[in-house]
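For reference, the structure is listed below as structure tokens.
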Amino acid sequence: VKCIGILTSGGDAPGMNAAIRAVTRSAIYNGLQVKGIYRGYKGLVTGEIKEFKSQNVSNIIQLGGTILKTARCKEFTTPEGRQMAYDNMKREGIDALVIIGGDGSLTGARIFAQEFDIPCIGLPGTIDNDLFGTDTTIGYDTALNTILGAVDKIRDTATSHERLFFVEVMGRDAGFLALNGAIASGAEAAIIPEFSTEVDQLEEFIKNGFRKSKNSSIVLVAESELTGGAMHYAERVKNEYPQYDVRVTILGHLQRGGSPTANDRILASRLGAAAIDAIMEDQRNVMIGIENDEIVYVPFSKAIKNDKPIKKELVNVLKELSI
Ligand code: ADP
């Protein structure tokens with residue numbers, strides 16, 4: 001491998017820039033040429049590619065979003081689109097790819113790597129923390145901190161008015177942000193998709209906690225078709241328990257923004273450097289993850305479409321501490 005291409009794809013996450021910087025600098029340090037590919041797979045298909053030197057990634061470690069931009073790309077899901085991507089790579093002399101993105105992006109990388117003989121290395125870039133085989137993902141810690149900043153503020157008004165707030169957080173069918181966000185912000189409960197078929201989490205919450213000794217309650221709800229979202233629970237409470245004063249806040253896209261936390265910057269730097277190590281070791285088609293503070297290589301097939309389990313211990317901690 002002499003020249004690598006780097007792209008960010010799918011949903012953006014804080015820390016992607018720190019990862020771009022790490023991959024670029026680590027590649028150059030190891031004597032590789034680097035090309036930045038814009039707008040995810042779209043730039044690969046259309047040929048929006050530019051050589052990256054060390055200075056191209058100066059002054060970005062602290063920035064949210066991604067300087068390479070990101071996009072969702074329909075063409076790349078077709079064999080014709082991927083052929084165009086491959087042709088552009090060859091034209092640019094790119095012989096390996098580093099893809100920073102979530103489940104969808106790594107699925108695309110896996111298919112591309114199967115069709116063409118191109119080493120692809122993935123970095124877990126998603127606020128949702130829903131990739132299997134890694135303890136955490138780039139952007140997750142920042143999003144969690146953003147959530148607790150917002151919930152702290154909501155608590156002020158919730159307490160003053162003695163209200164029950166349902167706060168909807170992101171997660172795309174994963175409950176990590178909701179559950180750990182609830183623990184970190186001292187919320188009374190979290191409604192997460194992982195348990196939505198097993199128990200009626202609203203019933204449990206009302207039964208166990210609400211208004212025992214408190215003058216307000218905050219419940220974090222993970223966005224998901226399985227939970228139905230915060231609105232769904234607010235409607236239910238209004239119907240079943242009309243005595244409660246219920247409000248809904250949907251945090252939305254503010255959860256994706258902001259300067260990455262120290263943890264996310266360090267994680268992105270380590271994973272980015274490890275991506276180049278992997279390429280130098282002739283690894284291919286793996287996601288770089290971190291487990292027990294050690295770098296691990298996770299085959300794409302394992303990382304994607306594999307439900308990452310929620311620790312029951314965390315659920316119990318939230319339950320015990322919200323009495
Ligand atoms: P994320 O990476 O955040 O999960 P998406 O699911 O939107 O985001 O995926 C990002 C991009 O990855 C898609 O727009 C598409 O270009 C590519 N991709 C996703 N799934 C596939 C697939 N099955 N085959 C090829 N490309 C895919």
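Model, not experiment: these values are computed from the prediction. First listed ligand is number 1; within each ligand, the first listed atom is number 1. All values below come from the heavy atoms of this structure, side chains included, with hydrogens, waters and symmetry mates left out.
- Annotation: side chain of Leu220 is in contact with side chain of Val151 (closest heavy-atom distance under 4.5 Å).
- Note: an N/O pair closer than 3.5 Å links Arg172 and ligand 1 by distance alone.
- Looking at Thr142 and Asp264, their side chains do bring a donor and an acceptor atom within 3.5 Å of each other.
- Ring geometry for Phe116 versus Tyr86: interplanar angle under 30°, hence parallel rather than tilted (30 to 60°).
- The nearest heavy-atom contact from the protein to atom 18 (N) of ligand 1 is Gly104 O, 3.3 Å.
- Heavy atoms of other residues, nucleotides or ligands lying less than 6.0 angstrom from NZ of Lys319 number 12 at most.
- Heavy-atom contacts of Tyr41 reach the following atoms of ligand 1: 12 (O), 16 (O), 17 (C) (cutoff under 4.0 Å).
- Counting only N and O atoms by type, the side chains of Glu281 and Tyr297 include a donor and acceptor under 3.5 Å apart.
- Close N/O approach between Leu106 and ligand 1 is not found [any backbone or side-chain N/O within under 3.5 Å].
- Nearest to atom 7 (O) of ligand 1 among the protein's heavy atoms is Arg72 NE, 2.3 Å.
- Following chains of ILVMFWY side-chain contacts shorter than 4.5 Å, one cannot reach Val221 starting from Leu179, and the two form parts of different hydrophobic clusters.
- Considering backbone and side-chain N/O atoms, Ile111 never comes within less than 3.5 Å of an N/O atom of ligand 1.
- Close approach of ligand 1 to Phe76 (heavy-atom distance below 4.0 Å) involves ligand atoms 16 (O), 25 (C), 26 (N).
- Inclusion of Gly10 in the set of residues having an N or O under 3.5 Å from an N or O of ligand 1 is not warranted.
- When only non-hydrogen protein atoms are considered, atom 3 (O) of ligand 1 lies nearest to Gly11 N, 3.0 Å.
- Given atom 15 (C) of ligand 1, the protein heavy atom at minimum distance is Cys73 O, 3.4 Å.
- Using a non-hydrogen distance threshold of 4.0 Å, Thr126 does not register as a contact of ligand 1.
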Subject >> Worked check of ring pair (Phe, Tyr, Trp, His ring centres under 6.0 Å) between Phe76 and Phe112 >> reply: CA-CA 9 Å; Phe76 198 75; Phe112 190 59; 5.3 Å; yes
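- The protein non-hydrogen atom at the shortest distance from atom 11 (C) of ligand 1 is Ser9 OG, 3.6 Å.
- With Asp87 as the partner, the side chain to side chain donor-acceptor pair (under 3.5 Å) test is satisfied by one option alone out of Lys90, Arg91, Gln83: Gln83.
- The nearest heavy-atom contact from the protein to atom 26 (N) of ligand 1 is Gly108 CA, 3.4 Å.
- The N/O atoms of Ala71, backbone and side chain alike, include none that comes under 3.5 Å of an N/O atom in ligand 1.
- In this model, no donor atom of one side chain and acceptor atom of the other lie less than 3.5 Å apart for Asn145 and Thr261.
- Numbered from 1 in the order shown, with element, the atoms of ligand 1 that lie under 4.0 Å from a heavy atom of Thr77 read 25 (C), 26 (N), 27 (C).
- Closest protein heavy atom to atom 2 (O) of ligand 1: Ser105 OG, 2.5 Å.
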**OP:** Go through the steps for Glu92 and Lys35 under the test salt bridge (charged side-chain N to carboxylate O under 4.0 Å, His left out), then give the verdict.
**Re:** CA-CA 8 Å; Glu92 291 281 343; Lys35 299 221 169 159; 3.1 Å; yes
